[in-house]
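Protein chains get the first letters and strands the later ones, always in sequence-line order, with residue 1 at the start of each. Since the structure is predicted, the reported quantities are computational estimates derived from the model, not experimental observations.
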Amino acid sequence: MLDKTGIAKRIAQELRDGWYVNLGIGIPTLVANYVDKNITVEFQSENGILGMGPFPYEGEEDADLINAGKQTVTLLPGASIFDSSMSFSMIRGQHVQLTVLGAMEVSQNGDIANWKIPGKMVKGMGGAMDLVASAKNIIVAMMHTNKAGESKLLPECTLPLTGVACVTKVVTELAVMEIKDGAFHLLERAPGVTVEQIKNATAGKLVISGEVPEMKLD
Amino acid sequence: MLDKTGIAKRIAQELRDGWYVNLGIGIPTLVANYVDKNITVEFQSENGILGMGPFPYEGEEDADLINAGKQTVTLLPGASIFDSSMSFSMIRGQHVQLTVLGAMEVSQNGDIANWKIPGKMVKGMGGAMDLVASAKNIIVAMMHTNKAGESKLLPECTLPLTGVACVTKVVTELAVMEIKDGAFHLLERAPGVTVEQIKNATAGKLVISGEVPEMKLD
Amino acid sequence: MAINKVVANVEEATKDIKDGMTLMVGGFGLCGIPENSIAQLVKMGIKNLTCISNNAGVDDFGLGLLLKQKQIKKMISSYVGENDEFERQMLSGELEVDLIPQGSLAERCRAGGAGIPAFFTPAGYGTEIAAGKEVRVFNGKPHILESALEADFAIVKAWKGDTAGNLVYKYTALNFNHVMATAGKITIAEVEELVPVGTLDPRHIHTPGIFVQRIFQGKNYEKRIEQRTVRKRS
Amino acid sequence: MAINKVVANVEEATKDIKDGMTLMVGGFGLCGIPENSIAQLVKMGIKNLTCISNNAGVDDFGLGLLLKQKQIKKMISSYVGENDEFERQMLSGELEVDLIPQGSLAERCRAGGAGIPAFFTPAGYGTEIAAGKEVRVFNGKPHILESALEADFAIVKAWKGDTAGNLVYKYTALNFNHVMATAGKITIAEVEELVPVGTLDPRHIHTPGIFVQRIFQGKNYEKRIEQRTVRKRS
């Protein structure tokens, strides 16, 4: 079974040389720490950065240089700054190759719910609806089940949607799954996790073809 | 009767302190030379300049600094440069207070035709359609009649339109007219021109109320 | 010379903002917010405001200050997460909230400034955001029709500005400030440094002065950091 | 490090441009045109091109060079006034021409790059440009629906560019180059000066590198002036 770091490491393996990538808040943010040294990717932050770098050294924080999670960050050489409308031109115009974000529910159709729980305080969708409606490649990083032990991979989402038929892959503490043809296709098991465990934790349609390899993490 | 310079001088009197102004090619361009020294206006050029200055001194021309007429120009202090989409955001968004342009025909309804003569080579409308569809205040600078002596101020335009119900004033070699309520309202006569002459040269509905003053030019 | 947009101070810049008006307020989180103008609105005690702003500040800073005084009737935002008083007012029904996808918020502000009354976007299709909105398929993909946003006043904060109203922002303080500056019937810019015309490079101006009606030299910027994240020197 | 977009030369940058493709070509008149790439397209002899460009060059420069070789099937422009060969081909029916209001051309390119498939504009309402287009009234004013433009290749010219594809333009050479750079499936940028990453100020970049797939150091720029207008020193 993977911890959050493990999920981030596995997702980092999905990155390809030359890609622009938008990472959501939470586990997705960690992905930046595990990029293969042999490839070059640039991180986009929807508040207006391309070429976002790591957190600043203590004492070098600049209130005027933050990411979409309002965290102080730095710029790498070759970075650029732009306004919010241009930032979402990049996103909506599909210039960003990969979006990684968290979710509360994902359906076998690729629908995603991650912004609102009826009856609870709604904080807003931020840029998530634009991101999921636009990106060609959307990977969800999340736990396979919620705190009550219920599957978050469902036949249909029960929560208000963020986007429809958009998620391409889901990486959880248990597995890597691709979404196509209205089903979760099991690609890899987390170290030590059985196919049975994944089956039991998945409420939506799960397709298992042949031997399912265990994922390889360094 | 006014010459081209006279028309430009008269139109310059329409400028108000603090206005942004877009001047078309031809007579409108001359307006910039006669701005009252006591007011400040800035000239916008739709290829991407705000704060356009006069032509450069000989030897100081820069191929990378031209106006919408492709003429070499200069920038005044406080000028800014921007791309074509932002330039037309200014125009379409009605941030430019006054547009002055030439025309082949103007109708009593404020329609304007200035881009196409059927059967002749069509060069294109450039930015004219955006300008006339957007600006709140559009002054046409033109001759009252064409080379055949026919009126260019008509009940309806006969040429393909550039815009509908948009022209607010027309200044010709004979007169200043305001367009409202479906008619040309005669405001001023050019020096030495009689109301009768203006009547004879105007095919569209012309409204004359009381004594029509002669325009004052320095 | 260039048109002069300078007003003496924040009082003069905001003097005709009235109860019930719609304001766009620049910034992202607490980054690039017009601190001086917000403080002045609190002082003026104007009520029933509709505020269009990506976020709603925190309890004791940014738009949170206006919320605390119950000066805001309605917030139009994309994310309002860090504010307890906001939550209380929203859940009690005192505060109307219209949540908009961040990209649609930015584009709707741009459209407002650019004379584009409506446009199609894929964002929000199939969600409750699309309720009541026209849906149209382009290239096999469904889109919804969104309309332009405009405001009685847009209030923005820039790093440097010249007397002609030309603005330059510092790093990510650019965010919503530029698009909102284009969309105000009257746009007020407060700047950290007010400079003479001719000081800013014409090629590097983010917001041309044509969009700005009033500019003033701000003071005492706190520039609070919402999430101070650092790494250790290795 | 940043993603490297550098290609060796114009040959490599343009190698997969094929007959029948749609190209956006930056520039306004002869200002800011991609001289190197146009010369290479002439050399390659590619035919049946659809070119989206504000103008069509002059007889012996700019897109006029492609017109002379009859490589262009269709021009999508706002003004094509200074070109006798263009006129001959257009009147004889050899060349298709689609004339578009300049602001709509710019906005349609921007929309193509920004994932906005269509938008409403007042420009052209009531004229032949509006024929067959949806009309809708907003705030009492009629608007027409215009659609996004995209291109197989966008070819732009910048002043300075870095290896990550970030571009800065010189004065009005900015014009259509930026919006077109955002709208190409593949965008080629030729630059007067190719610089290392870190050289350009992140706040002053006009076109972020994400929009540019290939960049190369151009050479022998002629930068012809179309209308040399000067004043005498007094």
Quick check on C:L30 against chain A: is it the side chain, the backbone, both or neither that has a heavy atom closer than 4.5 Å? neither

Is any side-chain heavy atom of A:F88 less than 4.5 Å from a side-chain heavy atom of C:T121? no

If I take atom CZ from residue C:R228 and atom CD from residue A:Q71, how far apart are they, to the nearest 0.5 angstrom? 13.0 Å

Where do A:G124 and C:L99 come nearest, in terms of heavy atoms and distance? CA-CD1, 3.7 Å

For the OG1 atom of C:T229 and the CD atom of A:E61, what is their distance to the nearest 0.5 Å? 8.0 Å

Can you name the nearest heavy-atom pair linking A:L161 to C:G126, along with the distance? CD1-O, 3.7 Å

Less than 4.0 angstrom from a charged side-chain N to a carboxylate O is my criterion; do A:D62 and C:K170 meet it? yes

Which atoms of A:L75 come close to chain C, meaning under 4.5 Å heavy atom to heavy atom: side chain ones, backbone ones, both, or neither? side chain

Could you tell me if the side chain of C:R110 sits less than 4.5 Å from the side chain of A:D83, heavy atoms only? no

CG (C:N83) and NZ (A:K123) are apart, to the nearest 0.5 Å, by 10.5 Å

What are the two closest heavy atoms between C:F176 and A:S84, and how far apart are they? CD1-OG, 3.2 Å

To the nearest 0.5 Å, what is the distance between CZ (A:F55) and CD (C:Q227)? 9.5 Å

Please report the interatomic distance OH(C:Y171) to CD1(A:I66), rounded to the nearest 0.5 Å. 14.5 Å

A quick test of your reading: do over 12 heavy atoms of other residues, nucleotides or ligands sit less than 6.0 Å from CZ of C:F120? yes

Heavy atoms of C:G124 and A:M129 approach each other most closely as CA-SD, 3.9 Å

Quick one: closest heavy-atom pair of C:P101 and A:M125, and the distance? N-SD, 3.5 Å

Would one find more than 12 heavy atoms of other residues, nucleotides or ligands at under 6.0 Å from atom NZ of A:K205? no

May I ask you to say whether C:R233 pairs ionically with A:E60, meaning some side-chain N is under 4.0 Å from a carboxylate O? yes

Is it the backbone or the side chain of C:R231 that comes under 4.5 Å from a heavy atom of chain A, or both, or neither? both

So for C:E222, is it side chain, backbone, both, or neither that comes closer than 4.5 Å to the heavy atoms of chain A? neither

Taking the side chain as every heavy atom from C-beta outward, state whether C:E128 and A:K116 have any pair of such atoms under 4.5 Å apart. yes

Counting only heavy atoms closer than 4.5 Å, note whether C:N54 contacts chain A via side chain, backbone, both or neither. neither

A:D130 side chain vs C:S104 backbone, donor-acceptor pair below 3.5 Å: yes

Are C:C31 and A:K70 close enough that some pair of their side-chain heavy atoms sits under 4.5 Å apart? no

Do you know which two heavy atoms are closest between A:S85 and C:E107, and how far apart they sit? CB-OE1, 4.3 Å

Can you check whether C:T172 reaches A:I81 side chain to side chain, under 4.5 Å on heavy atoms? yes

For the residue pair A:E58 and C:K232, establish whether any side-chain heavy-atom pair is separated by less than 4.5 Å. yes

